[in-house]
Number of protein chains: 2
Amino acid sequence: MLIVEDDPVAAAAHTLYVEREPGFHAAGTVHSCADALRFLERARAAGTPIGLTLLDLYLPDGHGLQLCRTLRAAGHTTDVIAVTSARDLAMVRQAVSAGVVQYLLKPFSAAALHDRLERYARYRDTLGRTGEATGQDEVDQALALLRTAERSALPKGLSAPTLDTVAGVLREASTGLSAAAAGAAAGVSRITARRYLEHLVDTGLAAREPQYGSVGRPELCYRWKGDGATAGRRG
Amino acid sequence: MLIVEDDPVAAAAHTLYVEREPGFHAAGTVHSCADALRFLERARAAGTPIGLTLLDLYLPDGHGLQLCRTLRAAGHTTDVIAVTSARDLAMVRQAVSAGVVQYLLKPFSAAALHDRLERYARYRDTLGRTGEATGQDEVDQALALLRTAERSALPKGLSAPTLDTVAGVLREASTGLSAAAAGAAAGVSRITARRYLEHLVDTGLAAREPQYGSVGRPELCYRWKGDGATAGRRG
DNA sequence: GCCGATCGTGAACTCTATGAACGCAAACGT
DNA sequence: ACGTTTGCGTTCATAGAGTTCACGATCGGC
């Protein structure tokens with residue numbers, strides 16, 4: 001992972017955050033568009049292209065999004081997380097159309113970056129397994145990982161402790177659980193369990209798949225998907 | 001809005017769908033990368049730049065994503081909804097990094113496109129009001145609008161995951177399948193498989209034809225037809 | 001310190017997606 | 001033509017999904 005950041009203090013902080021993240025590694029830190037381009041070129045030539053770039057938008061020798069467009073035109077495949085203190089909403093649209101995967105407002109907490117990186121990792125994971133999508137759902141799921149709000153902000157009606165319990169129960173169950181079974185294991189009702197399981201599916205942490213074979217409406221089997229194969233280093 | 005689509009039938013269908021959408025207007029329909037670029041150039045020169053492009057990825061003179069990168073490099077600001085029958089998940093990542101706002105698998109229903117366009121309109125609306133973001137939340141909410149969860153309403157008695165499974169099985173079977181065979185492959189009963197296959201026939205995604213030759217009532221052979229012609233909407 | 005508002009939970013109920021059973025339709029063979 | 005054969009298509013029981021609503025806890029306001 002490449003970090004492009006004007007301010008040395010911020011650059012050091014970002015590097016620290018990233019290094020703390022399992023699965024990520026700060027391959028380099030540069031302070032300008034020109035240096036970033038040079039770094040990416042060299043990495044690609046060396047056969048170890050950079051997978052992810054943390055890109056500040058205001059740089060001394062140009063705008064980060066312009067760099068981004070240059071990269072695309074040059075065929076670079078690195079994904080970009082935009083980082084900026086600009087509050088301008090129109091910039092968000094430009095960032096999306098330049099192909100950034102995340103848009104992070106400065107100043108951000110380590111937790112906020114952690115959340116973004118984790119989601120990005122899962123996104124890569126989903127798209128990385130060289131399979132084919134069976135339907136639109138699968139595509140939407142992957143995009144949802146990039147485009148949903150932070151997980152720490154729970155929807156109304158859900159509480160953090162219960163979510164932890166349910167998520168824990170599901171994680172332990174290797175074979176997958178029905179809503180009723182998860183409820184029994186977590187010590188809550190089927191209804192409550194289902195609420196939290198659905199939330200996990202929404203946020204991409206769990207998958208849901210119907211169990212056919214017996215008569216009656218098929219039972220939904222929830223399966224933990226959260227820590228799926230995050231072994232390889234990204235960036 | 002510009003529609004870029006190779007197949008004349010699909011292009012006409014897309015145009016029809018778009019025109020039905022309040023707030024959207026099909027400014028033009030082109031059938032190749034070169035024409036698309038020319039159209040966008042001309043529109044920009046005329047002072048009426050195209051805000052949104054519905055872009056098929058497989059075009060006779062090049063790949064849609066390459067066109068997309070060319071557009072970015074040339075400073076075009078149009079947003080892009082990618083449309084493709086390719087199920088390859090790696091393509092999704094490339095599309096995101098090329099700056100598409102939506103990724104829609106062919107064949108899609110009018111309802112699916114409607115949903116995407118409506119969400120896109122809200123996204124534009126959120127980012128368009130020239131205000132400043134008060135925080136990360138606002139940015140996240142705008143991006144979340146590009147995430148889509150809303151499935152097109154299925155007839156009662158049918159479920160989305162099962163439909164995906166059955167459609168997937170049928171798509172993979174080059175030779176065509178009987179209801180019983182499809183059921184076996186999808187892990188559901190013949191009855192259930194038949195329900196979904198009939199639905200696919202109803203929506204024009206599959207064809208059904210009897211197999212003669214052996215003793216007994218002829219077996220019905222279902223064959224995937226989806227990628228050829230988009231589902232015709234009655235009415 | 002009391003009261004109203006809100007939030008998370010669970011019980012009761014309705015609805016929906018599935019498969020088994022069964023009658024019937026459609027082709028072949030004689 | 002008529003029986004044989006095979007699988008279609010329908011009906012129905014069923015079990016679990018999903019919804020609605022009421023209850024208790026907790027929080028903030030006056």
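In what follows, every heavy atom counts, from backbone to side chain, and hydrogens, waters and symmetry copies are set aside. Letters A, B, ... are given to chains in the order of the sequence lines, protein chains preceding strands, and every chain is numbered from 1.
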Ring centroid separation A:His114 to A:Phe108 under 6.0 Å: no
Let's go through B:Asp56 and B:His14 carefully: what are the C-alpha distance in whole Å and the side-chain angles of both, what is the deciding distance for side-chain contact (heavy atoms from CB on, under 4.5 Å) to 0.1 Å, and is it a yes or a no? CA-CA 11 Å; B:Asp56 188 35; B:His14 297 173; over 6 Å; no
Would you say the side-chain atoms of A:Tyr123 and A:Arg119 include a donor-acceptor pair closer than 3.5 Å? no
Checking A:His25 against A:Glu19: is there a side-chain donor and acceptor pair closer than 3.5 Å? yes
Any donor-acceptor pair under 3.5 Å from B:Arg208 side chain to B:Leu197 backbone: no
Say whether, by atom type as modelled, one donor and one acceptor occur between the side chain of B:Tyr196 and the main chain of B:Ser159 under 3.5 angstrom. yes
Atom pair distance, as rounded to whole Å: [atom1] in [X] and [atom2] in [N]:
X        : N      : atom1 : atom2 : result
B:Asp202 : D:dG9  : CG    : P     : 12 Å
B:Tyr212 : C:dG29 : OH    : P     : 15 Å
B:Glu198 : C:dT18 : CD    : C1'   : 17 Å
B:Tyr222 : D:dG7  : OH    : C1'   : 11 Å
B:Leu197 : C:dT18 : CG    : C1'   : 15 Å
B:Glu209 : C:dA27 : CD    : P     : 13 Å

Could you give the distance from CG (B:Leu117) to CZ (B:Phe24), rounded to the nearest 0.5 Å? 4.5 Å
Check the interface with nucleotides 14-16 of chain D: list each N/O to N/O pair with the protein under 3.5 Å, or write none.
unit_1	atom_1	unit_2	atom_2	d
D:dA15	N3	A:Arg217	N	3.2
D:dG16	N2	A:Arg217	NH1	3.3

N/O to N/O distances under 3.5 Å, protein versus nucleotides 7-9 of chain C:
unit_1	atom_1	unit_2	atom_2	d
C:dC7	OP1	A:Lys156	NZ	2.8
C:dG8	OP1	A:Leu158	O	3.1
C:dG8	OP2	A:Gly157	N	2.2
C:dT9	OP1	A:Thr162	OG1	2.4
C:dT9	OP2	A:Tyr196	OH	2.3

Which atom names give the shortest non-hydrogen contact between A:Ala110 and A:Tyr17, and what distance separates them? CB-CE2, 3.6 Å
Can you see which heavy atom on A:Val80 is nearest to which on A:Cys68, and at what distance? CG2-SG, 4.0 Å
Please work out which of the three classes, parallel, tilted or perpendicular, describes the rings of B:Tyr58 and B:His63, given edges at 30° and 60°. perpendicular
Proximal nucleotide (of C:dG19, D:dG9, C:dA11) relative to the A:Ile191 side chain: C:dA11
Sub-3.5 Å pairs of nitrogen or oxygen atoms, protein against nucleotides 23-25 of chain D:
none

As a quick check of understanding, evaluate side-chain contact (heavy atoms from CB on, under 4.5 Å) for B:Glu5 and B:Thr29, giving each step before the final call. CA-CA 7 Å; B:Glu5 168 67 60; B:Thr29 306; 5.6 Å; no
